[in-house]
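Note on naming: letters A, B, ... go to the chains in the order of the sequence lines (proteins, then strands), and numbering restarts at 1 for each one.
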2 protein chains.
Amino acid sequence: MMRVTMRQLQVFEAVARLRSYSRAADEIHVAQPTVSKQIRLLHEEIGLPLIELIGKKVFLTQAGEELYATCSAWLDSWGRFEQTIADLKGLKQGRLSIAAVTTTKYFMPRMLGPFCSQYPGIDISLEVVNRDRLLERMAQNQDDLYVMGIPPEDISTQSEPFLENPLVVLAPQFHPLVAKRNIQFSEVAHEQFILREHGSGTRLAVEKVFEERGFPLRVKMELGSNEAIKQAVAGGLGLSVLSKSTLNLDATQRDIAILDVDGFPIKRYWYLVRPRDKQLSVVAKTFMEFLKQHIDLLNPYGSR
Amino acid sequence: MMRVTMRQLQVFEAVARLRSYSRAADEIHVAQPTVSKQIRLLHEEIGLPLIELIGKKVFLTQAGEELYATCSAWLDSWGRFEQTIADLKGLKQGRLSIAAVTTTKYFMPRMLGPFCSQYPGIDISLEVVNRDRLLERMAQNQDDLYVMGIPPEDISTQSEPFLENPLVVLAPQFHPLVAKRNIQFSEVAHEQFILREHGSGTRLAVEKVFEERGFPLRVKMELGSNEAIKQAVAGGLGLSVLSKSTLNLDATQRDIAILDVDGFPIKRYWYLVRPRDKQLSVVAKTFMEFLKQHIDLLNPYGSR
DNA sequence: CAGAATCATAGCCAACAATATATGGTTTTC
DNA sequence: GAAAACCATATATTGTTGGCTATGATTCTG
C-alpha cells in the first residue's frame with residue numbers, strides 16, 4: 001500500500017475537491033483519461049472504492065472521505081514545508097549559531113548588530129565560551145561557525161582570518177614609560193607581568209616573543225579573566241599583554257595605558273573557523289559575506 | 001518540487017530517525033547505495049542540504065529537521081489512514097445507512113438488532129420516511145440501501161425481495177365473519193373499506209385484486225397512517241387490507257382480527273433496493289449477506 | 001596501524017508511472 | 001431527440017524511479 005504516489009493523491013484531492021474528473025484534469029493540466037487512470041490505480045492500490053459515480057455525479061465513499069481528509073492535511077503541511085524552505089533560501093528566516101572564545105565578547109556583539117537588523121527573520125545565537133568548551137562544541141557539530149584567536153591544527157577544520165587582533169602592552173596610567181615613544185623591548189622585559197593562564201592564546205604569543213628576543217618572562221600573577229588582569233594592571237601590580245579588543249574603546253580607559261614598545265602590537269587575527277566538510281547553511285554563508293563587506297567599517301584597527 | 005516521491009521520504013525518514021544510512025538501508029531492505037542515491041535526489045529536488053555528514057555521523061540541517069518533522073507527521077497520518085481502511089475492510093468500523101418506508105418500522109429494528117451486536121463497531125442509521133422522501137434520498141445517493149414494498153421501475157436501480165409482506169384483510173374483533181374459515185371473496189367485497197391514500201403500495205394491490213375479481217371497491221375512508229387505520233377498523237368503521245407487518249406480533253391484537261378470505265393473504269415482498277451502479281460498501285454487502293442468512297429466523301411468515 | 005564500518009560514486013537495467021490520443025458509452029441538457 | 005458533457009477503456013510512448021553490483025574514499029575501532 002506504500003505504492004501510492006503523490007501524484008495520485010494530488011489528482012485524487014483535486015477530484016474530491018472539485019467533484020469532477022474533467023475539472024480536476026483542467027486544473028492539473030492533464031487530459032481527462034489521465035485522471036481516470038490515476039483514480040483507478042488508487043482504487044486498486046487501496047482495495048476499496050473511494051469514489052462513486054451516481055449518474056455523472058461524483059460522491060466519496062467513507063474510505064474516500066478518509067483519504068480526502070488525510071491528503072488534504074498532507075498537501076497543507078507540505079505547502080508549509082515548501083514555504084519554510086523558500087524562506088530559508090531567501091533568508092527570510094533561519095538560525096545562525098556561533099560559538100566564540102571569551103575575549104570576543106568585546107566586539108562580536110557589535111558585529112552582529114547590523115546583520116540582525118538587515119535580516120530580522122534570522123535568529124542568531126552567540127555562545128561565548130572558553131577555548132576548550134568551544135572545541136567540544138565543534139567536535140559535536142553544535143554550531144555553524146566558530147570564532148577564535150588560534151585555529152586548531154586539525155585538518156578537519158577550515159579557517160580564515162577576518163579581523164585584526166593586536167596584542168598590546170598595558171601599563172598603569174602613571175608608569176614611567178607611558179609617555180615614551182619607541183620603547184626598546186629590553187626596557188620592559190625585566191618588568192613583572194600579569195598574564196592569562198598557560199594554554200591561553202595570548203599567553204602563548206607572549207612567551208614566544210620573549211623567547212625570540214632572548215629574555216626570560218617573569219610572570220608575577222596568572223589570572224583567568226581579562227577584566228581581572230586590567231584591574232591588576234591599573235592597581236600597579238605589573239604590566240600585561242592583552243588583546244587590544246579587551247579595552248573599552250568608547251570610554252577611554254583612564255587608569256591603563258598602552259606602551260609603544262618595539263615589536264608591539266603583535267599582529268594576530270581573529271579567525272572564523274568551521275568544520276571542513278560541513279556544508280554551510282545559506283545563512284552562514286551570507287553572514288560570512290556580510291562580515292567581509294562590513295569589516296572595514298567595523299574594524300577599529302583596520303589598516304586603511 | 002512536487003517530484004519528491006514517497007519512497008524518498010520514507011528513506012529519508014528512516015535515515016533521520018536512525019542517524020545512519022546503512023542501518024536505514026537494512027531496515028528498508030535495500031542496498032546502501034540505494035539510500036545514498038535517494039537522499040541525493042531529495043537534496044537536488046529541494047535545493048538545500050538536508051543531511052550533513054561530520055565524520056561519519058549523520059546530522060540534520062535545519063531544513064532537514066523541518067522535513068523530518070513534516071514527513072514523520074505524514075507517515076503517522078498515513079498509518080492511521082491505513083488502519084482505518086483495514087478496519088473498514090474488516091468490518092471493525094463503518095457506517096451503514098438505510099432508508100426504509102414507514103411500514104417497515106414494525107420489523108426493521110428487530111432485524112438490525114442482531115447485526116448491531118455482531119458488529120459493534122458499525123454505526124447504523126435507519127431513516128424511516130414515506131415513499132416520496134425515500135425516492136428523493138435515492139436520487140441524491142444519501143443511503144447505502146433502501147427498503148420498500150414496490151421497487152421503482154427505474155432501470156437505474158437493482159432490487160431483490162428479502163422478506164414476505166403478506167397483505168391481510170382486517171376486521172373488528174366482533175365482526176360476523178371473524179370466526180369463519182375460507183370466506184368467499186364476494187362475502188367481503190361489498191363491505192366498506194378503510195385504506196391508505198392513492199399511490200400507496202397497499203392501496204394499489206387492493207385495487208388490483210378487486211378489479212381482477214370484478215367487484216367495485218368501496219372506500220369509506222382514506223387515512224394516512226396504518227395506526228389510524230387499525231384504530232378505525234377496531235372502532236367498527238369498516239374493514240381494511242394492510243401489511244401483516246403492521247400488526248403487533250407480540251401482544252396479540254385484541255380488537256382486530258384477520259379474516260381468512262379466499263385470495264388472501266396477497267403475497268407481496270419487501271425489497272432491498274440500491275442504485276444499480278453503486279458499488280456497495282463492504283458493510284452493506286455484509287449486511288445483505290447477514291439478512292439472507294438470518295431471514296428464516298427472523299421472518300415471522302417464513303414458509304418453512 | 002590494520003581491519004572494519006560507513007558513505008559516495010559510477011554505470012547499468014528492469015519496472016513502472018504518467019501521459020497522450022483515439023474511441024465508445026452514458027447521462028444530462030437544451 | 002440531438003447535442004453536449006462527462007467518464008471509461010485501450011494502446012502506445014517516454015522518462016524516471018528504484019534498484020543492484022562494483023569500487024573507492026574516509027573514518028572509526030581495536
**Asked** How does each nucleotide of nucleotides 21-30 of chain C score, in 5' to 3' order, for protein heavy atoms under 4.0 Å: base (B), sugar-phosphate only (S), or none (-)?
**Response** BB--BBSS--
**Request:** Anything under 30° is parallel, anything over 60° is perpendicular, the rest tilted; go ahead and classify B:F107 against B:W270.
**Result:** tilted
**Message:** Under 4.0 Å, counting only non-hydrogen atoms across every strand here, what does B:S36 touch: a base, just sugar-phosphate, or nothing?
**Reply:** base
**Message:** Applying salt bridge (charged side-chain N to carboxylate O under 4.0 Å, His left out) as the test, list every pair that has at least one member in residues 59-76 of chain B; sequence neighbours left out.
**Reply:** B:D76-B:R80
**Asked** Looking at residues at least two apart in the chain, or sitting in another chain, which of them share a side chain to side chain contact (heavy atoms under 4.5 Å, CB included) with A:H29?
**Response** none
**Fill in**
Rounding to the nearest 10°, end axes of the helix from C:dC1-D:dG30 to C:dC30-D:dG1 built from five pairs each make an angle of 50°
**Item:** Pairs meeting criterion salt bridge (charged side-chain N to carboxylate O under 4.0 Å, His left out) with involvement of residues 24-42 of chain A, two or more places apart
**Value:** A:R17-A:E27, A:R40-A:E44
**Message:** If the condition is side chain to side chain donor-acceptor pair (under 3.5 Å), which residues does B:Q158 pass it with, not counting sequence neighbours?
**Reply:** B:R274
**Complete:** Minimal heavy-atom distance between A:L60 and A:A16, with the atoms involved, is CD1-CB, 3.9 Å
Under 3.5 Å, N/O pairs linking protein and nucleotides 14-17 of chain C:
{"residue": "C:dA17", "atom": "OP1", "partner": "A:R3", "partner atom": "NH2", "Å": "3.0"}

**Asked** For A:R19, does the CZ atom have more than 12 heavy-atom neighbours from other residues, nucleotides or ligands under 6.0 Å away?
**Response** yes
**Request:** Considering only heavy atoms of chain A and a distance under 4.0 Å, specify the first and last nucleotide of DNA chain D in 5' to 3' order that meet this criterion.
**Result:** D:dC6 to D:dT27
**Fill in**
Between B:V11 and A:R23, the residue closer to the 5' end of DNA chain D by nearest nucleotide is A:R23
**Request:** Please identify each residue that fulfils ring-ring contact (aromatic ring centres under 6.0 Å, His included) with A:Y271, with sequence neighbours left out.
**Result:** none
**Prompt:** Is the number of heavy atoms from other residues, nucleotides or ligands within 6.0 Å of NZ (B:K285) greater than 12?
**Reply:** yes
**Asked** Quick one: side chain to side chain donor-acceptor pair (under 3.5 Å) partners of B:T202, sequence neighbours excluded?
**Response** none
**Message:** Holding to side chain to side chain donor-acceptor pair (under 3.5 Å), I want the full list of residues that pass it with B:Q32, two or more places apart in sequence or in another chain.
**Reply:** B:S36
**Request:** Take atom OH of B:Y21 and atom C1' of C:dT6, then tell me their distance rounded to the nearest Å.
**Result:** 11 Å
**Message:** Applying side chain to side chain donor-acceptor pair (under 3.5 Å), can you list everything that pairs with A:Q62, at least two apart in sequence or on another chain?
**Reply:** none
